[in-house]
There are 4 protein chains.
Amino acid sequence: MRTKDETKAQDILQATLDEVRDVGLAGLSVEAVARRAGVATGTVYVYFKGKDALLDQLYLRTKQKFATQVLRDDGGPIRAAFTRMTIAYVDYVIENAAELVFMSQMANSPYLTAETREQAAIGLRPLAALLERGKAEHLLKDIDTGWMATFLYETVKSMAPLARGLPPERYREFQETVATLCWDALKA
Amino acid sequence: MRTKDETKAQDILQATLDEVRDVGLAGLSVEAVARRAGVATGTVYVYFKGKDALLDQLYLRTKQKFATQVLRDDGGPIRAAFTRMTIAYVDYVIENAAELVFMSQMANSPYLTAETREQAAIGLRPLAALLERGKAEHLLKDIDTGWMATFLYETVKSMAPLARGLPPERYREFQETVATLCWDALKA
Amino acid sequence: MRTKDETKAQDILQATLDEVRDVGLAGLSVEAVARRAGVATGTVYVYFKGKDALLDQLYLRTKQKFATQVLRDDGGPIRAAFTRMTIAYVDYVIENAAELVFMSQMANSPYLTAETREQAAIGLRPLAALLERGKAEHLLKDIDTGWMATFLYETVKSMAPLARGLPPERYREFQETVATLCWDALKA
Amino acid sequence: MRTKDETKAQDILQATLDEVRDVGLAGLSVEAVARRAGVATGTVYVYFKGKDALLDQLYLRTKQKFATQVLRDDGGPIRAAFTRMTIAYVDYVIENAAELVFMSQMANSPYLTAETREQAAIGLRPLAALLERGKAEHLLKDIDTGWMATFLYETVKSMAPLARGLPPERYREFQETVATLCWDALKA
DNA sequence: TATGAATGAGCTTTCATTCAT
DNA sequence: TATGAATGAAAGCTCATTCAT
């Protein structure tokens with residue numbers, strides 16, 4: 001008997017990401033996903049319970065991957081950690097355009113479970129921790145941590161697409177600019 | 001012969017907005033829009049060429065309404081104009097939640113025409129003008145105006161939802177915090 | 001605007017009956033029903049909520065039509081009413097073969113609602129009433145009316161198909177035989 | 001190499017019977033049958049050529065088992081043999097509810113081969129023989145044997161389900177009533 | 001203009017069957 | 001033989017759009 005192939009699940013998830021980027025969440029069809037992933041339509045249902053479950057799982061994985069890759073506090077000096085995070089964030093957005101489109105399309109869609117929404121929020125904790133540390137050291141403004149986290153998280157995400165297509169040195173400049181803007185905004 | 005009734009077109013547009021807020025762009029059906037607007041399905045096609053055209057037009061109107069209501073530079077002192085704009089922006093987001101959901105859902109969808117996207121960008125000009133003025137007066141950082149405009153536009157939009165449900169004094173505090181963050185970020 | 005056409009609903013119901021006769025309940029597809037009725041697939045859903053509802057409604061109508069046409073007690077002498085009913089029953093089965101196949105296929109299917117089953121049972125009341133009358137007049141055996149009703153109802157239904165294809169005089173003979181068998185079985 | 005296991009074939013047939021009782025012929029899926037039988041889907045195809053063949057074979061076996069168990073003429077006095085048969089029949093129906101549902105669902109379905117239908121009819125011969133014997137002894141009416149056989153076969157089958165849930169003494173009473181009704185119907 | 005019945009393409013999903021192991 | 005992953009052809013149903021009224 002053929003054994004379940006985790007690669008295939010990955011292929012399907014990636015195909016979904018690419019399809020949403022190309023035709024949007026509203027235009028997404030399971031058949032197109034399957035074709036793109038190089039499997040039969042029915043195979044999607046071997047790995048995922050249905051379209052909803054597929055999208056839900058993909059959302060969670062994407063959020064988690066992002067959190068793991070970007071939102072890390074290495075415990076070093078605040079300013080350095082802050083800058084490093086911002087720069088990694090911009091890189092992530094540029095390198096994972098499809099992921100970002102997908103997350104924004106899912107945000108207000110009926111596909112998203114309340115539970116998944118909660119789960120996804122957990123990934124933001126390291127960011128909050130970093131900001132708390134900064135507040136404790138009086139390097140950052142003494143305002144609601146949730147507000148600051150949202151500021152940072154959303155601002156970088158929204159600005160990052162501007163970096164697309166920039167030549168290397170301008171790209172570097174852009175990253176530093178973003179880091180500066182955010183730091184100036186939050187610093188005490 | 002009954003004449004085309006502008007009220008009806010408005011009803012349909014508003015119903016679309018409300019539907020998208022409730023079921024998302026992916027769950028939107030013309031029939032549900034018609035029912036919500038209190039007209040027959042066919043009537044939607046009397047006022048709009050099709051679903052795509054309806055969404056496209058609604059996007060444009062929404063963007064323009066927003067620009068007119070929020071992104072105005074009254075020519076006064078930079079800092080004051082800046083703060084006034086930020087505060088009006090938060091108010092707008094809170095009072096027009098459906099509009100915001102709609103715009104974010106449309107942003108990366110295939111429904112959006114390149115042309116409409118351009119048209120919509122025009123509304124940002126007053127914002128750019130304000131920032132240029134601030135740069136000329138050396139009150140703001142000397143960085144790319146487009147970058148700054150995006151920063152301001154996206155940051156306030158992303159943060160504003162946090163204000164939902166806040167008691168009046170906290171709401172006021174929130175608005176001021178947002179204005180401060182943005183000013184500190186951009187000021188020279 | 002086109003107005004809802006009750007004829008169309010009838011066509012769909014009849015087409016369903018014919019399809020079930022030809023391909024069985026398990027082989028029934030909405031598309032085939034629509035094609036047979038001369039309407040588009042979607043039209044079926046204009047008149048019926050879904051396949052289940054279509055079958056459920058059809059079952060009820062069929063049972064009721066049968067009850068109205070066959071299970072009537074005209075109040076005359078028991079034996080005569082009894083015989084008349086039996087003969088009408090055989091005629092009905094022969095003339096409405098598709099209906100009978102449909103009812104037998106539905107009987108143990110998951111399509112049948114408990115509620116519909118109850119509703120359908122109501123049609124048997126006139127039969128029970130006739131039997132009660134016979135028992136009161138001591139012309140029939142004094143056994144459970146429900147048992148007698150089931151006996152009569154099921155026996156004639158099961159035997160009737162034997163009449164198919166019989167030449168007229170044999171057909172008449174068959175009807176009388178069935179009437180005699182049933183009468184002899186139940187008479188005191 | 002493991003050898004074909006007759007137990008497994010039996011399990012699959014029994015599982016099919018139970019599934020049809022629970023979800024009907026229209027709701028039957030090979031996967032559900034396999035799961036219920038405790039084997040893999042593919043295994044069903046080791047023992048049966050396909051779904052159709054499975055149902056066809058099951059139908060034949062069921063009919064034959066029934067014929068062997070119920071429709072036997074032990075050669076004793078007509079009336080006694082007749083009564084014994086009727087009583088055994090009721091018992092069979094009560095004890096093998098799933099079989100009966102299955103046979104009724106198959107009766108008018110496209111799954112049934114003409115050949116199988118013929119094969120199944122052979123089982124009715126002992127019943128016909130008994131009736132012939134009764135006619136020869138002038139104990140039974142002189143009418144078409146096929147008609148009488150159908151009468152007996154169908155009537156008992158249709159009435160038997162009424163016995164379900166009856167307390168023992170009522171159950172006994174019911175069996176005798178059925179035997180009496182049938183005898184009175186057919187006796188000369 | 002306004003209606004909503006009618007359409008049929010296309011959607012998600014199921015499922016009989018095959019096949020690699 | 002036994003498995004269950006993989007397949008793809010339908011199935012039921014929805015919905016953007018058209019059209020008769």
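Letters A, B, ... mirror the listed sequences (proteins, then strands); counts begin at 1.
The ring-ring contact (aromatic ring centres under 6.0 Å, His included) search around A/Phe66 returns A/Tyr89, A/Tyr92, A/Tyr153, not counting sequence neighbours.
For the atom pair CD1 (B/Ile12) and CD (B/Gln14), the distance works out to 12.0 Å, reported to the nearest 0.5 Å. Atoms NZ and CG, on C/Lys63 and C/Leu58 in that order, are 12.0 Å from each other to the nearest 0.5 Å. Between the CD atom in A/Glu115 and the CG atom in A/Leu60 there is a gap of 9.0 Å [rounded to 0.5 Å].
Heavy-atom distances under 4.0 Å link DNA chain F to B/Gly50, B/Lys51 of residues 48-60 of chain B, given in residue order. Shown for residues 6-32 of chain C: residues whose heavy atoms fall under 4.0 angstrom of DNA chain F, namely C/Leu28, C/Ser29, C/Val30.
Taking a cutoff of 4.0 Å between a charged side-chain nitrogen and a carboxylate oxygen, D/Lys8 and D/Asp11 do not qualify as a salt bridge.
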Exercise for the section: Mind running salt bridge (Lys or Arg N to Asp or Glu O under 4.0 Å) on B/Lys65 and B/Glu99 for me, showing each step along the way? Expected result: CA-CA 10 Å; B/Lys65 181 184 153 203; B/Glu99 270 89 338; 3.0 Å; yes
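The side chain of B/Thr41 places no N or O atom within less than 4.0 Å of a non-bridging phosphate oxygen (OP1 or OP2) of E/dG4. Dashed line: the shortest gap from a side-chain N or O of C/Thr3 to OP1 or OP2 of E/dA5 is not under 4.0 Å.
Taking only side-chain atoms of A/Tyr47, from C-beta outward, the nucleotide of F/dG4, F/dA6, F/dT3 with the closest atom is F/dA6. Distance from the side chain of A/Val46 is smallest to F/dT7 among E/dG4, F/dT3, F/dT7.
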Handout entry: Bracket notation of DNA chain E in which parentheses pair within the strand, [ ] cross earlier pairs, and | pairs with another strand (Watson-Crick or G-U, under 3.5 Å)
Key = .||||||||||||||||||||
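Both B/Val44 and C/Val44 lie close to DNA chain E; mapped to their nearest nucleotides by heavy-atom distance, the more 5′-ward contact belongs to B/Val44. Between A/Lys4 and C/Gly42, it is A/Lys4 whose nearest contact on DNA chain F lies nearer the 5' terminus. Taking the nucleotide of DNA chain F with the nearest heavy atom to each of C/Tyr45 and A/Gly38, the more 5' of the two is matched to A/Gly38.
Heavy atoms of A/Val39 sit under 4.0 angstrom from primed sugar atoms or phosphate atoms, though from no base atom.
Remark: P of E/dA20 and CZ of A/Arg2 are 6 Å apart, rounded to the nearest angstrom. Rounded to a whole Å, the CG atom of C/Asp5 is 15 Å from the P atom of F/dA20.
Here salt bridge (Lys or Arg N to Asp or Glu O under 4.0 Å) pairs that include residues 25-34 of chain D, with residues two or more places apart or in two chains, are D/Glu31-D/Arg35. For residues 48-60 of chain A, the set of pairs meeting the salt bridge (Lys or Arg N to Asp or Glu O under 4.0 Å) definition, not counting sequence neighbours, is empty.
Judged by distance alone, with hydrogens and angles left aside, the side-chain atoms of A/Tyr47 form a donor-acceptor pair with the main-chain N or O of A/Asp5 at under 3.5 Å. Distance alone, capped at 3.5 Å, places no donor-acceptor pair between the A/Thr43 side chain and the A/Val39 backbone. Under a 3.5 Å cut-off, the side chain of C/Thr113 and the backbone N or O of C/Thr116 do not form any donor-acceptor pair.
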